[in-house]
Amino acid sequence: MDYFTSLTWKDSIKDIIDILIVTYIIYQLILLVRGTRAVQLLKGILVLVFIWAISSWFDLYTLKWLMNQAFTFGVLAIFIIFQPELRRGLEQLGRGKIFGRTLADDEEITKMVNEVIKAVHYLSRRKIGALIVFERTTGLNEYTESGIKMQSMVSSELLINIFIPNTPLHDGAVIIQGQQISAAACYLPLSENPFISKELGTRHRAAIGISEVGDGVSLIVSEETGQVSLAMNGQVIRDIHEESLISKLHDALKPKVTTKEKKSPFWKRKGGEQ
């Protein structure tokens, strides 16, 4: 009797571990496709499964045959349709990133922030307008599709060239996903908040608008004053100090790391933080 009791207990523990591992893998796969077009494709697959269930329940022969054919060739279609997501997942698995963020990730984020700050410094001094959006947990693919795809590493030189006036990409927003410039010349939703200052133009309203529909963080350089502002959570901090900007960017993009180095301001302030 003790033997069977022990066997049952061991089997239960094994089943629990098995379920937890599968659940965690499914959770990581959801994180992998979140914010991509794969989410919409998955919804389409669920619709097809629902139609197949209805056809089987009511024994609709022709519809059931059609759904069976679709599922027969659907496996190959899934590999083709989800090829970008599968490749990205395998790359992350090879780098050991799929189960959590590594120290290398933190270093890459720090390097990316430094490149953005250098570009903002240059643009601010020359009063060149700019709008840079950082994607966080809420996917922004809906807005990257409205712009020009780039998939480029973040560098101050590239950002500066994008926003130089009278160039093809200067009008619109740059969206950064991960450590890459995903797209430029993107159109963003304008905030409809009636309490926004009338002094703020379209660029600032777009920065606030994108922070209202998700948790993205936006950097704005005013082409009239050269002031740098930060928009997040539907609010905007105008003419922000460099120290505060660096700190807030690190808190937003790399919450577990605090910035210890303080640098001198790189643009002239005409007023306090608002």
Measure from the side-chain N and O atoms of [X] to the backbone N and O of [Y], and report whether any donor-acceptor pair falls under 3.5 Å.
| X | Y | value |
| --- | --- | --- |
| Ser247 | Glu243 | no |
| Asn114 | Thr110 | yes |
| Asn193 | Phe195 | yes |
| Ser124 | His121 | no |

Quiz: residues 207-220 side-chain donor-acceptor pairs under 3.5 angstrom, not counting sequence neighbours:
| from | atom 1 | to | atom 2 | distance (Å) |
| --- | --- | --- | --- | --- |
| Ser211 | OG | Ile208 | O | 2.7 |
| Ser211 | OG | Gly234 | N | 3.0 |
| Glu212 | OE1 | Ser191 | OG | 3.2 |
| Glu212 | OE2 | Ser191 | OG | 2.9 |
| Asp215 | OD1 | Thr137 | N | 3.4 |
| Asp215 | OD1 | Thr138 | N | 3.1 |
| Asp215 | OD1 | Thr138 | OG1 | 3.2 |
| Asp215 | OD2 | Thr137 | N | 3.2 |
| Asp215 | OD2 | Thr137 | OG1 | 2.3 |
| Ser218 | OG | Ala207 | O | 3.4 |

[X] versus [Y], closest heavy-atom pair with distance:
| X | Y | result |
| --- | --- | --- |
| His204 | Ser229 | NE2-OG, 3.7 Å |
| Met112 | Leu253 | CE-CD1, 3.7 Å |
| Met67 | Leu48 | SD-O, 3.8 Å |
| Gln179 | Glu108 | OE1-OE1, 3.1 Å |
| Ser182 | Gln177 | OG-OE1, 2.7 Å |
| Leu158 | Ser152 | CD2-CB, 3.7 Å |

Side-chain contact test, heavy atoms from C-beta onward, threshold under 4.5 Å: evaluate it for [X] versus [Y] and give yes or no.
| X | Y | result |
| --- | --- | --- |
| Leu230 | Val236 | no |
| Val120 | Leu159 | no |
| Glu135 | Ile176 | no |

> Do Leu190 and Leu140 belong to the same hydrophobic cluster, where Ile, Leu, Val, Met, Phe, Trp and Tyr are linked whenever their side-chain heavy atoms lie under 4.5 Å apart, directly or via other members?
Replying inline: no
>> Using the rule that Ile, Leu, Val, Met, Phe, Trp and Tyr join whenever any side-chain heavy atoms are under 4.5 Å apart, tell me whether Val47 and Leu66 fall into a single cluster.
In response: yes
>> Let's go through Leu131 and Leu188 carefully: what are the C-alpha distance in whole Å and the side-chain angles of both, what is the deciding distance for side chain to side chain contact (heavy atoms under 4.5 Å, CB included) to 0.1 Å, and is it a yes or a no?
In response: CA-CA 10 Å; Leu131 175 53; Leu188 305 181; 3.7 Å; yes
Result block: side-chain N/O donor-acceptor pairs under 3.5 angstrom for residues 161-174, not counting sequence neighbours:
| from | atom 1 | to | atom 2 | distance (Å) |
| --- | --- | --- | --- | --- |
| Asn161 | ND2 | Glu157 | O | 2.8 |
| Thr167 | OG1 | Ile162 | O | 3.4 |
| Thr167 | OG1 | Ile164 | O | 2.5 |
| His170 | ND1 | Thr167 | O | 2.8 |

Tell me if the [atom1] atom of [X] is crowded by more than 12 foreign heavy atoms within 6.0 Å.
| X | atom1 | value |
| --- | --- | --- |
| Lys149 | NZ | yes |
| Gln151 | CD | yes |
| Gln180 | CD | yes |
| Glu192 | CD | no |

Would you mind writing out the side-chain donor-acceptor pairs for residues 49-62 within the sub-3.5 Å range, not counting sequence neighbours?
| from | atom 1 | to | atom 2 | distance (Å) |
| --- | --- | --- | --- | --- |
| Trp52 | NE1 | Asn68 | OD1 | 3.2 |
| Ser55 | OG | Ile51 | O | 3.4 |
| Ser55 | OG | Trp52 | O | 2.7 |
| Ser56 | OG | Trp52 | O | 3.0 |
| Asp59 | OD1 | Lys64 | NZ | 3.3 |

Just how far is it from atom [atom1] of [X] to atom [atom2] of [Y], taken to the nearest 0.5 Å?
| X | Y | atom1 | atom2 | answer |
| --- | --- | --- | --- | --- |
| Cys186 | Ile148 | SG | CD1 | 8.5 Å |
| Thr23 | Asp18 | OG1 | CG | 9.0 Å |
| Ser155 | Ile181 | OG | CD1 | 6.0 Å |

> Is NZ or CZ of Arg136 both nearer than 6.0 Å to the six-membered ring centre of Phe134 and within 45° of the ring axis?
Replying inline: no
> Between Ser156 and Glu115, do the side chains contain an N or O donor and an N or O acceptor separated by less than 3.5 Å?
Replying inline: yes
>> Between Ile240 and Lys248, does the side chain to side chain contact (heavy atoms under 4.5 Å, CB included) criterion hold? Intermediate values first, please.
In response: CA-CA 10 Å; Ile240 185 173; Lys248 289 182 180 298; 4.0 Å; yes
>> Quick one, Ile128 with Glu223, criterion side chain to side chain contact (heavy atoms under 4.5 Å, CB included). Give me CA distance, side-chain angles, the key distance, then yes/no.
In response: CA-CA 5 Å; Ile128 299 174; Glu223 62 183 11; over 6 Å; no
>> Please determine whether a side-chain nitrogen of the Lys or Arg among Glu199 and Arg238 lies less than 4.0 Å from a carboxylate oxygen of the Asp or Glu.
In response: yes
